Amino acid sequence: MLSSQQRAIIKATVPLLETGGEALTRHFYAMMLEEYPEVRPLFNQAHQASGAQQRALANAVLMYARHIDRLEALGPLVSQIVNKHVALQILPEHYPIVGSCLLRAIREVLGAEIATDEVIQAWGVAYGQLADILIGAEESTYKEHEQAPGGWRGSRDFRVVAKTPESEEITSFVLAPVDGDAVLLQQPGQYIGLRMVIDGQEQRRNYSLSAQGNGRQYRISVKREAEGKVSNYLHDHIQVGDTLELFPPAGDFVLRPSSKPLALITAGVGITPALAMLEAARDSGRPIHFIHYARHGGVHAFKQWIEAQSHDYPQISYRFCYSAPRDGDQPHAQGVVSREQLAEWLPENRDLDAYFLGPKPFMAQVKRHLQELGVPGEQCRYEFFGPASQLDA
Ligand SMILES: Cc1cc2nc3c(=O)[nH]c(=O)nc-3n(C[C@H](O)[C@H](O)[C@H](O)COP(=O)(O)OP(=O)(O)OC[C@H]3O[C@@H](n4cnc5c(N)ncnc54)[C@H](O)[C@@H]3O)c2cc1C
Ligand code: HEM
């Protein structure tokens, strides 16, 4: 338990973290990944290189220090971290590694004069308290996954039963468990964890499930990233009949029960969770506005499928916009997302539920436009295909 004096020390550290938090976590990661090769495969190197992962952790530590007297205010942040950790199979034995590196980094970055033994001790207790919250919540989720029908703990082998190109860049893989048993029924919007060994190096990635759950198999749809390790390997080397290791579905970007009109607004490969949401919502009869942005027709995945959906279900309206159309493309609009365009494509009554996903600048724009159009903030939900961050336009 933190003493009141230790709480005061933690709170006094907030201004230091506000200015130096990112430098601290950068140093912390470099040290941890160098000294503890066993945790390296857990972390995506591209997220480290961009600084996004460091910022996400710095932000979490800062929020924690700010709310040290009211940890319940951390609720949504804890759930987001737990989901990400669970989908990558972070385990209790990993926490002491992070803890000891974090404390060493605090001492080395702030210097022994500021980071006195007392400060380090207070942070040690505080870290232990936060670690216990996360470990407890993660274990509950692992147990839930294990005990649910079709569920499992850790990794499970899946066979690729179909591989389908969806555009010049996106390919779908349908995955059925090798053991032939049922699979956990995911919520629309959730993602799985994938573990692969490429050139002797273990890699872990998340992929959204791009079709509604059926209890028998999953579908993921993967965009080929320039120089991306896992996406290129999947595209080039994984064929029908090959085996992949999956962790159970997780994630809190899920379709909530509601009868309000639904807006699914996506760009590029951000379309994947929206496909599962569309399928899950289409029988409810609620109006669905599916709005998609792509560069041009060649990279526009699932176009025919959504057109067929909007043909078969009259309550689904479909609009798409291309930023760089090719000859022959016939989008509903050209350019990038704008407030005027969303105002026209969304229903006049802005009491709707909006889910959006795409590159970060796109999401920042959509968030701002929805706010300006009067869609209630708590009805706007989004996900990141990487470490979470602030969405300011
Ligand atoms: C919740 C969630 C859901 C997701 N759903 C999907 C989905 O449905 N479909 C999908 O396609 N993706 C999805 N992603 C993204 C996916 O997890 C991978 O990040 C993506 O496939 C890229 O992985 P990669 O191994 O191919 O690329 P990486 O090897 O991770 O590289 C990504 C980019 O960073 C660059 N890079 C790599 N290493 C470095 C380095 N050391 N220094 C500088 N640059 C570097 C690469 O050149 C490349 O451009 C999702 C991510 C999350 C978090
Ligand atoms: C108190 C301790 C911890 C805190 C506060 C914390 C916080 C976070 C945060 C904020 C994120 C980003 C979440 C998001 O993107 O939505 C994250 C992701 C992650 N965490 Fe932790 N974490 C902790 C412990 C650990 C431990 C012990 C490990 C394993 C060694 C770990 C591994 C990861 C990984 C692999 C990711 C995803 C990284 C990526 O996207 O590349 N974390 N964590």
Side-chain angles (χ1 to χ4, degrees), residues 25 28-29 32-33 36 38-65 74 76-102 123 126-135 138 166 169-173 189-194 196 198 201 203-210 219-236 249-253 266 268-276 301 357 382-389:
T25 47
F28 149 76
Y29 273 109
M32 179 173 71
L33 298 177
Y36 295 91
E38 66 268 37
V39 299
R40 257 182 239 153
L42 304 174
F43 292 91
N44 179 323
Q45 286 166 17
H47 298 166
Q48 301 282 313
S50 72
Q53 171 57 27
Q54 290 88 330
R55 274 192 290 280
L57 180 67
N59 179 48
V61 171
L62 191 58
M63 288 283 283
Y64 173 63
L74 284 176
L77 181 64
V78 169
S79 149
Q80 184 191 318
I81 298 172
V82 166
N83 273 291
K84 194 52 84 67
H85 281 177
V86 164
L88 292 165
Q89 293 288 298
I90 306 304
L91 299 173
E93 58 264 34
H94 296 134
Y95 279 84
I97 297 177
V98 167
S100 70
C101 292
L102 196 60
W123 267 102
Y127 174 81
Q129 187 176 297
L130 181 57
D132 285 348
I133 295 172
L134 295 178
I135 291 170
E138 284 157 20
E166 308 286 1
E169 290 179 337
I170 297 179
T171 291
S172 288
F173 298 83
Q190 287 194 309
Y191 50 87
I192 48 90
L194 171 71
M196 303 191 77
I198 303 174
Q201 275 192 327
Q203 308 285 343
R204 297 187 188 196
R205 297 289 184 272
N206 299 128
Y207 290 101
S208 298
L209 295 164
S210 62
R219 184 179 72 176
I220 58 171
S221 304
V222 179
K223 179 187 169 203
R224 189 194 278 280
E225 289 290 345
E227 309 294 323
K229 284 194 191 81
V230 173
S231 60
N232 282 286
Y233 194 86
L234 287 168
H235 276 246
D236 295 337
D252 54 5
F253 177 64
T266 59
V269 73
I271 196 170
T272 50
L275 299 169
L357 210 160
Y382 49 91
E383 171 82 289
F384 294 91
F385 275 3
S389 65

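All values derive from a computational prediction rather than experimental measurement. In listed order, ligands and their atoms are each counted from 1. One-based numbering along the sequence shown.
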Peer 1: Side chain or backbone of Asn44 under 4.0 Å from ligand 2, or both, or neither, by non-hydrogen atoms?
Peer 2: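 Both backbone and side chain of Asn44 come within 4.0 Å of ligand 2.
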Peer 1: Of the non-hydrogen atoms in Cys101 and Tyr36, which two are nearest, and what is the gap between them?
Peer 2: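 Nearest heavy atoms, Cys101 then Tyr36: SG-CE1, 3.6 Å.
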Peer 1: Looking only at protein heavy atoms, identify the closest one to atom 30 (C) of ligand 2 and say how far it is in Å.
Peer 2: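 The protein heavy atom lying closest is His94 CB, 3.5 Å.
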Peer 1: So, do Tyr29 and Phe43 have ring centers that fall under 6.0 Å from each other?
Peer 2: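 Yes, close enough.
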Peer 1: Could you work out, with side chain to side chain contact (heavy atoms under 4.5 Å, CB included) as the rule, every residue matching Glu383, not counting sequence neighbours?
Peer 2: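 Testing Glu383 for side chain to side chain contact (heavy atoms under 4.5 Å, CB included), a comparison that skips the adjacent residues, returns Tyr191, Phe253, Leu357.
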Peer 1: Under the salt bridge (charged side-chain N to carboxylate O under 4.0 Å, His left out) rule, collect the residues that match up with Arg224, sequence neighbours excluded.
Peer 2: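 Result, salt bridge (charged side-chain N to carboxylate O under 4.0 Å, His left out) vs Arg224: Asp236.
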Peer 1: Please could you name the atoms of ligand 1 that Ala226 approaches to less than 4.0 Å, counting only its heavy atoms?
Peer 2: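 Result: 46 (C), 47 (O), 48 (C), 49 (O).
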Peer 1: For the 3.5 Å polar cut-off, considering only N or O atoms, please tell me whether Tyr95 and ligand 2 meet it.
Peer 2: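 No: no nitrogen or oxygen of Tyr95 is under 3.5 Å from one in ligand 2.
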Peer 1: Should the ring pair His85 and Tyr95 be called parallel, tilted or perpendicular, given that the plane angle runs from 0 to 90° and is split at 30 and 60?
Peer 2: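 Taking Tyr95 first and then His85, their aromatic rings stand perpendicular (interplane angle over 60°).
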Peer 1: Atoms of ligand 1 less than 4.0 Å from Val230 heavy atoms?
Peer 2: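 Counting from 1, the qualifying ligand atoms are 24 (P), 25 (O), 26 (O).
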Peer 1: Please confirm whether Lys84 comes within less than 3.5 Å of ligand 1 when only nitrogen or oxygen atoms on both sides are compared.
Peer 2: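 No: no nitrogen or oxygen of Lys84 is under 3.5 Å from one in ligand 1.
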Peer 1: Would you mind running through ligand 2 and noting each atom that sits below 4.0 Å from a heavy atom of His47?
Peer 2: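 Near His47, the atoms of ligand 2 are 39 (C), 40 (O), 41 (O).
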Peer 1: If you define the side chain from C-beta out and look only at heavy atoms, does anything of Phe384 sit under 4.5 Å from Lys84?
Peer 2: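 No; the side chains remain at least 4.5 Å from each other.
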Peer 1: Only heavy atoms of Val269, strictly under 4.0 Å: list the atoms of ligand 1 that pass.
Peer 2: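 The atoms of ligand 1 under 4.0 Å from a heavy atom of Val269 are 9 (N), 10 (C), 11 (O).
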Peer 1: Among all protein heavy atoms in this structure, tell me which lies nearest to atom 8 (O) of ligand 1, with the distance rounded to 0.1 Å.
Peer 2: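 For atom 8 (O) of ligand 1, the nearest protein heavy atom is Thr272 OG1, 2.8 Å.
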Peer 1: Out of all atoms in ligand 2, which are within 4.0 Å of some heavy atom of Pro387? Include the element for each.
Peer 2: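 Atoms satisfying the 4.0 Å criterion: 15 (O), 40 (O).
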Peer 1: Nearest to atom 15 (O) of ligand 2, what protein heavy atom do you find, and at what distance?
Peer 2: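 Checking every protein heavy atom, the shortest distance to atom 15 (O) of ligand 2 gives Ala388 N, 2.8 Å.
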Peer 1: Looking only at protein heavy atoms, which one is nearest to atom 27 (O) of ligand 1, and how far off is it?
Peer 2: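 Its nearest protein heavy-atom neighbour is Gly228 CA, 3.1 Å.
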Peer 1: Val230 and Tyr207: which non-hydrogen atoms are nearest, and at how many Å?
Peer 2: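 Result for this residue pair: CG1-OH, 3.6 Å.
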Peer 1: Which of these, Gly386, Ala46, Pro273, Ala250, has its nearest heavy atom closest to atom 35 (C) of ligand 1?
Peer 2: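 The residue whose heavy atom sits nearest atom 35 (C) of ligand 1 is Ala46.
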Peer 1: Counting heavy atoms only, which part of Glu225 comes closer than 4.0 Å to ligand 1: side chain, backbone, both or neither?
Peer 2: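 It is the side chain that touches ligand 1; the backbone stays farther off.
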Peer 1: Kindly check if the number of other-residue, nucleotide or ligand heavy atoms within 6.0 Å of CD (Glu38) is above 12?
Peer 2: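 Correct, the count exceeds 12.
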Peer 1: Looking only at protein heavy atoms, which one is nearest to atom 47 (O) of ligand 1, and how far off is it?
Peer 2: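 Here the closest protein heavy atom is Glu227 CB, 3.1 Å.
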Peer 1: Could you identify the single nearest non-hydrogen protein atom to atom 38 (C) of ligand 2 and state the distance to 0.1 Å?
Peer 2: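 Checked against all protein heavy atoms, atom 38 (C) of ligand 2 sits closest to Gln53 OE1, 3.1 Å.
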Peer 1: Please list the nearest protein heavy atom to atom 34 (C) of ligand 2 with its residue and the distance rounded to 0.1 Å.
Peer 2: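 For this ligand atom, the closest protein heavy atom is Phe43 CE2, 3.6 Å.
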Peer 1: Only one of Gln203, Gln201, Lys229 passes side chain to side chain donor-acceptor pair (under 3.5 Å) with Gln45; say which it is.
Peer 2: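 Answer to the side chain to side chain donor-acceptor pair (under 3.5 Å) test with Gln45 among Gln203, Gln201, Lys229: Lys229.
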Peer 1: Using the test salt bridge (charged side-chain N to carboxylate O under 4.0 Å, His left out), find all partners of Arg205 that sit at least two apart in sequence or belong to another chain.
Peer 2: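 Applying salt bridge (charged side-chain N to carboxylate O under 4.0 Å, His left out) to Arg205 gives none.
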Peer 1: Identify, for atom 16 (C) of ligand 1, the protein heavy atom at the shortest distance, and state residue, atom and that distance.
Peer 2: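 Answer, as residue, atom name and distance: Asn206 O, 3.4 Å.
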Peer 1: Tell me, which protein residue and heavy-atom name are nearest atom 23 (O) of ligand 1, and how many Å apart are they?
Peer 2: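 Checking every protein heavy atom, the shortest distance to atom 23 (O) of ligand 1 gives Arg205 NE, 3.4 Å.
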Peer 1: Of all the heavy atoms in Tyr64, does at least one lie under 4.0 Å from an atom in ligand 2?
Peer 2: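 No, Tyr64 has no heavy atom closer than 4.0 Å to ligand 2.
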Peer 1: Considering only protein heavy atoms, which is closest to atom 52 (C) of ligand 1, and at what distance to one decimal place?
Peer 2: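 Nearest neighbour among protein heavy atoms for atom 52 (C) of ligand 1, to 0.1 Å: Phe385 CA, 3.5 Å.
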Peer 1: Distance to 0.1 Å, residue and atom name: give those for the protein heavy atom nearest to atom 16 (O) of ligand 2.
Peer 2: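 Protein heavy atom with the smallest distance to atom 16 (O) of ligand 2: Gln80 NE2, 3.1 Å.
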Peer 1: Ligand 1 versus Ser221, non-hydrogen atoms closer than 4.0 Å: side chain, backbone, both, neither?
Peer 2: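 For Ser221, only backbone atoms sit under 4.0 Å from ligand 1.
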Peer 1: What part of Tyr207, side chain from CB on, backbone N/CA/C/O, both or neither, has a heavy atom under 4.0 Å from ligand 1?
Peer 2: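 Contact part for Tyr207 vs ligand 1: both backbone and side chain.
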Peer 1: Which option wins on minimum heavy-atom distance to atom 35 (C) of ligand 2: Leu42, Leu102, Val82, Leu130?
Peer 2: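 Checking each option, the heavy atom nearest atom 35 (C) of ligand 2 is found in Leu42.
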Peer 1: Do me a favour and list the nearest non-hydrogen protein atom to atom 29 (O) of ligand 1 with residue, atom name and distance?
Peer 2: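 Nearest protein contact, heavy atoms only, for atom 29 (O) of ligand 1 is Lys229 N, 2.9 Å.
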Peer 1: Check atom 21 (Fe) of ligand 2 and write out every protein N, O or S atom at under 2.8 Å, as residue and atom.
Peer 2: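 As for protein N, O or S atoms lying under 2.8 Å from atom 21 (Fe) of ligand 2, they are His85 NE2.
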Peer 1: Nearest to atom 1 (C) of ligand 2, what protein heavy atom do you find, and at what distance?
Peer 2: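 Here the closest protein heavy atom is Tyr127 CE1, 3.5 Å.
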Peer 1: What residue and atom, counting heavy atoms only, is the protein's closest point to atom 36 (C) of ligand 2, and at what distance?
Peer 2: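 Scanning the protein heavy atoms, the shortest distance from atom 36 (C) of ligand 2 goes to Leu88 CD1, 4.0 Å.
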Peer 1: Does ligand 1 have any atom sitting under 4.0 Å from a heavy atom of Phe384?
Peer 2: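 So Phe384 counts as touching ligand 1.
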Peer 1: Could you find the nearest protein heavy atom to atom 42 (N) of ligand 1 and give me its residue, atom name and distance?
Peer 2: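 Result for atom 42 (N) of ligand 1: Ala49 CB, 3.2 Å.
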Peer 1: Quick check: closest heavy atoms across Arg219 and Ser210, and the distance to 0.1 Å?
Peer 2: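 Smallest heavy-atom distance, with atoms named: NH2-O, 2.6 Å.
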Peer 1: Using a 4.0 Å heavy-atom cut-off, say whether Asn44 meets ligand 1 through its side chain, its backbone, both or neither.
Peer 2: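 The answer is the side chain of Asn44.
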Peer 1: Apply the side chain to side chain contact (heavy atoms under 4.5 Å, CB included) test between Leu194 and each candidate in Leu234, Leu88, Val222; give the one that qualifies.
Peer 2: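 The option that passes is Leu234.
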